[in-house]
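Following: one structure in structure tokens, then a few remarks.
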Amino acid sequence: MADERLGELKEKTRYEAAEVEARVFAGWMEEGYFHPAAEGTAGENFSVAIPPPNVTGALHMGHALNGSMQDALVRMNRMRGRNTLWTLGTDHAGIATQAVVEKELRAEGKSRHELGREAFVERVWAWKEEYGSRIVEQYKRLGASCDYKRERFTLDEGYVRAVYRVFKRLYDKGYIYRDNYMVNWDPGSHSAISDLEVENREVKDTLYSIDYPVEGSERVLTVATVRPETMLADTAVAVNPDDERYADLVGQHCVLPLVGRRLPIVADEHVDPEFGTGALKITPGHDPTDFEIGRKHGLEEIGVIGPDGRMAEGAGERFAGMTAAEAQEAVVAALRAEGRLRAEEPYVHSVPFSHRSGERIEPLISLQWFCRMDELARPAIEVVERDEVRIAPPQWKRVYLEWMREIRPWCISRQLWWGHRIPVWYCDPCEETIVAEQPPERCGACGGELRQEEDVLDTWFSSAIWPFATLGWPDETPELRAFYPTSFLTTAREILFLWVARMIMTGIEFAGDVPFRDVYVHSVIQARDGRRMSKSLGTGIDPLEEIDRHGADALRFGLLAMSSTQDVRFSDAKVQQGADLANKLWNASRLILLNVGDAPEEVRPERVEDRWILSRLEATIASVTANLEQYDFAHAVGEAYAFFWSELCDWYLEIAKPRLYEREDEVSAVLLRVLERVLALLHPVMPFVTEEIWSYHPARQGHLAVHPFPQADESLRDLEAEAQMQAGIELTRRLRAWRDLVEAPAAMVLAARAEGTAPQEFVGRLARVEFAEDGGDPVAAVGPVKILASDEIDAGAVSARLAARREELRAEVARAEGKLANEKFVARAPAEVVSEEREKLECYRAELEELSE
RNA sequence: GGGCGCGUAGCUCAGUGGGAGAGCGCUCGCCUCACACGCGAGAGGUCGCUGGUUCGAACCCAGCCGCGCCCACCA
């Protein structure tokens, strides 16, 4: 290595992530490590498809966590020599992207309707070209080793072909159909949305009780509602069939106040006789429950609220044109005037809101495209039941299965312009419907002009086929052969149904195999105060700012360290711990690299400390690797940290320093080997700092990114060396503690005499104790070591210390004696537990006796 | 309404049947020739509450209290 570089290393006493990361990343990209050839089979290769972020998105903490996990496993497998692909791309995100561009237009005083569909879509594409790569660049900042040359977009040309193929096949199988049905209408995005895009929120409303007179009678039926304006669309009143109060009324009619419509009184078991008066107004046009009751009883479906959220013609002249809120007030006022309003009381209940726009859902009946899911779900249930797709942690398996078993038809059409326009054409003259992957010229039946369906597909319809559509499906590409099925998926639970379940269904149906073998559901990182991180709450923490401040390695380490199977709060301390670790790696490496001598290739050291550190290293490699393979990232990084910081830096490096300064060959060989393996082990988690340090390592032949990942060498495990070193470390600790206790000055060397076998050399050096054959009188015993009298030691402190230790020992002896005196314990506890307890007791007694001299 | 999970040191979290752990914070001592983003030594916990099972419970069981999330058509 050039002396110049070593000089640099000597100068830099701090690791500066900001100065290193971009350069190191560029180095990987130049070599093309992340762009594998499409060779081999999926069985031999390793592949992951990133959950495609929205093009409108910016990297948030969830992406950063998920990316850190995926990259750790992807890098580990790449280092193991597997042909590894991590597919990256973005989702066109229909509603979100359309909203962004519409907002831009509004700022210019324009609307999409003025532009027209074609020009608007062009405008969105222009937006995408300009801003769509932002999040991709942000993944690079994180260090994600994705194949940036194979970047995909859910609306790119090949992908659209795949989407249309899927639509056509599902249509031909009879799964996709068009129907007039109750949907969740989102007044914010002016589109229907699926059940999964709806969230329920607690809302304070008023519950109004309204009297509906029974026709030809003095009786009234009092019904309760939080939405009196929908009464204009009532077409029945329902009571429970077992409710004796109303048995005689079933089959008769009520008269709808304000409107005068005759409403049949029907019996339906859905009605809860306990609630209110036990009579329920039925509004099939604007309530999902009523809709189902209505279809069951063949009731008329009237719409009084339009897609614009205003009262429609059906509401009558008096109310048409009002907003629903205005109409509510007007209806209540009118009812009050007619004396029909019996009661109004505050009422808290949960109501649906659009997850996208945040507006209150308006349930209404409209003509939409649906996909039947039961047939698709069946095999997707079986593969999870049989663990062909393993979902971890295990409780999510059940959650998945329960949802899948009750799956309902999926509303797949959206009244948007940005997205996959549904590949359906209508011929108005002959009422023909044509579904095709390519736009047909003319109507096959009558030769007439065709009109394409206006609606686009739900964004999730296209992301459902992500793992294989990104690889070129429906063509039989080499990529598909090499990288499908993918190896695993890590995800947040919020998209388990929205995305994961649908990928499993489409994977089996279209690609002939499950899309991945393992699904790992990771924790959600909450804000520091325990609230959810969200832009609207202002609780978001920007991962890029964390990277600016502490480096990508620090953030990656921190996120993995704080990850868990349960939700956790974002921990600045863990990120700081990562930054400190990067710095410590840098400095420990400086110590080693600047001082090693010529190292022999083979290392079979004699000395106990060398055998010890090699043994501990191999044990660490084994357990870190096992934890990574089980998606237990927190324990993986915690163990790597503990080994490196405590065992390697705090003990071994201190013990080895004199030999290192002598440039001794054997210790050089041990240290270079340990460093190499530690860097490689940590590289999947902290790729930048490890790669940078590796560039100074004399054994370096190429990038660490493609260096073999360490495999634990069991032959180097040495339990005898571990036990000996443990004893030496323990003794050193006790001597240091004793020094502190008697307030011996830090620099002072204590005189001592060892009883029995002499302690290892490092004990005296690290505890600043000098052992002599003879000398003064012992003033205290620390284990097998007698501390000799000296002027600096405070005799009072010593005797206080001895007294305290005797107390501790007496308590321990009493505890152990008590336990062993318990006949049941001795009789029923396992033999080794009992004998351990006896051994402890003997040790305590011996020490106590020694101190009592 | 159903389901899942959580309550352990001041804070954030590990630990899931045999003597309470980590990181941060705190106290004391160290600029010891890799690192003060450091080194050494400490203090700090009736493991939410109450019962039960067991020779033995933070850990298993039951109930209660508090908190969170998911699913669900009680107006």
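Residue numbers start from 1 in every chain, and the chains themselves are labelled A, B, ... in the order their sequence lines are given, proteins ahead of strands. Just so you know, these numbers use all the heavy atoms, side chains as well, and skip hydrogens, waters and symmetry mates.
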Find the distance A:Arg736:CZ to B:U32:P and express it as a whole number of Å.
-> 15 Å
Between B:A34, B:G18, B:G15, which nucleotide gets closest to the side-chain atoms of A:His635?
-> B:G15
Mapping A:Ala224 and A:Ala561 onto RNA chain B by nearest heavy atom, which one lands closer to the 5' end?
-> A:Ala561
Could you measure between the two C1' atoms, the one in B:A22 and the one in B:C47, and give it in whole Å?
-> 16 Å
Whole-angstrom distance between B:A20 and B:C67, as gauged at atom P | 31 Å
Closer than 4.0 Å, any side-chain N/O of A:Gln566 to the OP1 or OP2 of B:A14?
-> yes
Establish, with yes or no, whether the OP1 or OP2 oxygen of B:C4 is under 4.0 angstrom from a side-chain nitrogen or oxygen of A:Arg398.
-> yes
What integer distance in Å separates A:Phe762:CZ from B:G40:P?
-> 14 Å
For B:A43, what is the paired nucleotide under Watson-Crick or G-U wobble rules, both distances under 3.5 Å?
-> none
Charged N to carboxylate O below 4.0 Å: is that the case for A:Arg360 and A:Asp205?
-> yes
No-H, no-angle donor-acceptor pair, A:His270 side chain to B:C73 base, under 3.5 Å = yes
Electrostatic pair A:Arg659-A:Glu761, nearest N-O below 4.0 angstrom | no
From CD of A:Gln395 across to P of B:C71 the rounded distance in Å is 15 Å
Across the strands shown, which category fits A:Val271 at heavy-atom distances under 4.0 angstrom: base, sugar-phosphate, nothing?
-> base
Does A:Arg408 put a side-chain nitrogen or oxygen below 4.0 Å from OP1 or OP2 of B:C73?
-> yes
Taking the side chain as every heavy atom from C-beta outward, state whether A:Ile282 and A:Val237 have any atom pair closer than 4.5 Å.
-> no
In whole angstroms, the gap separating P of B:G38 from CG of A:Asn583 amounts to 7 Å
Opposite nucleotide pairing with B:U50, Watson-Crick or G-U, both atom distances under 3.5 Å | B:A62
Distance between P atoms of B:G42 and B:G23 (Å, rounded) = 14 Å
Hey, does A:Arg739 reach any base, or is it just sugar-phosphate, or nothing, if we go heavy atoms under 4.0 Å?
-> nothing
Is any NZ, NE, NH1 or NH2 atom of the basic residue among A:Arg556 and A:Glu21 found under 4.0 Å from an Asp or Glu carboxylate oxygen of the other?
-> no
Does any nucleotide pair with B:G38 by Watson-Crick or G-U wobble geometry, both distances under 3.5 Å, and what is it?
-> B:C30
If the C1' atom of B:C31 is compared with that of B:C26, how far apart are they to the nearest Å?
-> 22 Å
Residue list, salt bridge (Lys or Arg N to Asp or Glu O under 4.0 Å) with A:Asp242, at least two apart or on another chain | none
What is the pairing partner of B:C69, taking Watson-Crick or G-U wobble pairs with both distances under 3.5 Å in any strand?
-> B:G3
Taking atom C1' in both B:G48 and B:C65, what distance in whole Å separates the two?
-> 8 Å
Relative to the 5' end of RNA chain B, which residue comes earlier, A:Trp396 or A:Ala816, by the nucleotide with the nearest heavy atom?
-> A:Trp396
So which nucleotide does B:A9 pair with, by the Watson-Crick or G-U wobble rule with both distances under 3.5 Å?
-> none
Separation of B:A36 atom P from A:Arg14 atom CZ, nearest Å, is 7 Å
Tightest non-hydrogen contact, residues A:Ala554 and A:Ala579, listed as CB-N, 3.3 Å
Interatomic distance at P, B:U46 relative to B:G5, whole Å = 28 Å
Considering only heavy atoms and no angle criterion, is a donor-acceptor pair shorter than 3.5 Å present between the side chain of A:Glu654 and the base of B:A34?
-> yes
Write down the distance separating the P atoms in B:G63 and B:C11, rounded off to the nearest Å.
-> 30 Å
Using the six-membered ring wherever Trp is involved, compare the ring planes of A:Trp403 and A:Phe497 and label them parallel, tilted or perpendicular (cut-offs 30° and 60°).
-> parallel
Closest to the A:Asn200 side chain, choosing from B:C35, B:G40, B:A72 = B:A72
Indicate, with a heavy-atom threshold strictly under 4.0 Å, whether A:Asp272 touches base, sugar-phosphate, or nothing.
-> base
Side-chain N,O (A:Ser564) to OP1/OP2 (B:A14) below 4.0 Å | yes
Figure out the CH2/P separation between A:Trp645 and B:C37, and round it to whole Å.
-> 11 Å
From A:Arg493, A:Arg532, A:His522, residue fulfilling side chain to side chain donor-acceptor pair (under 3.5 Å) relative to A:Asp567 = A:Arg493
Please work out if A:Val568 contacts a base, only the sugar-phosphate, or nothing of the nucleic acid, heavy-atom cut-off 4.0 Å.
-> sugar-phosphate
N or O in side chain of A:Lys296 less than 4.0 angstrom from B:C73 OP1/OP2 = no
What pairs with A:Arg342 under salt bridge (Lys or Arg N to Asp or Glu O under 4.0 Å), at least two apart in sequence or on another chain?
-> A:Asp211
In short, A:His286 meets A:Ala233 closest at the heavy-atom pair CD2-CB, 4.0 Å
Rounded interatomic separation in angstrom, taking CZ from A:Arg531 and P from B:C69 | 12 Å
Between B:A34 and A:Lys657, is there an OP1 or OP2 to side-chain N/O distance shorter than 4.0 Å?
-> yes
Name the nucleic acid region contacted by A:Phe557, choosing base, sugar-phosphate or nothing; use a 4.0 angstrom heavy-atom cut-off, strictly under.
-> nothing
When rounded to the nearest Å, what value does the distance between C1' atoms of B:A62 and B:C69 take?
-> 25 Å
In terms of ring plane angle, is the pair A:Phe557 and A:Tyr641 parallel, tilted or perpendicular, where the classes change at 30° and 60°?
-> tilted
Please work out if A:Ala737 contacts a base, only the sugar-phosphate, or nothing of the nucleic acid, heavy-atom cut-off 4.0 Å.
-> sugar-phosphate
Which is true for A:Asp572 with a 4.0 Å heavy-atom rule: it touches a base, it touches only sugar-phosphate, or it touches nothing?
-> nothing
Nearest whole angstrom, please: distance from the P of B:C73 to the NZ of A:Lys281.
-> 18 Å
With a non-hydrogen cut-off below 4.0 angstrom, is A:Arg227 in contact with a base, only sugar-phosphate, or nothing?
-> nothing
Using nucleotides 20-29 of chain B, report all nitrogen or oxygen pairs with the protein that are shorter than 3.5 Å.
{"residue": "B:G23", "atom": "O2'", "partner": "A:Gln577", "partner atom": "OE1", "Å": "3.4"}

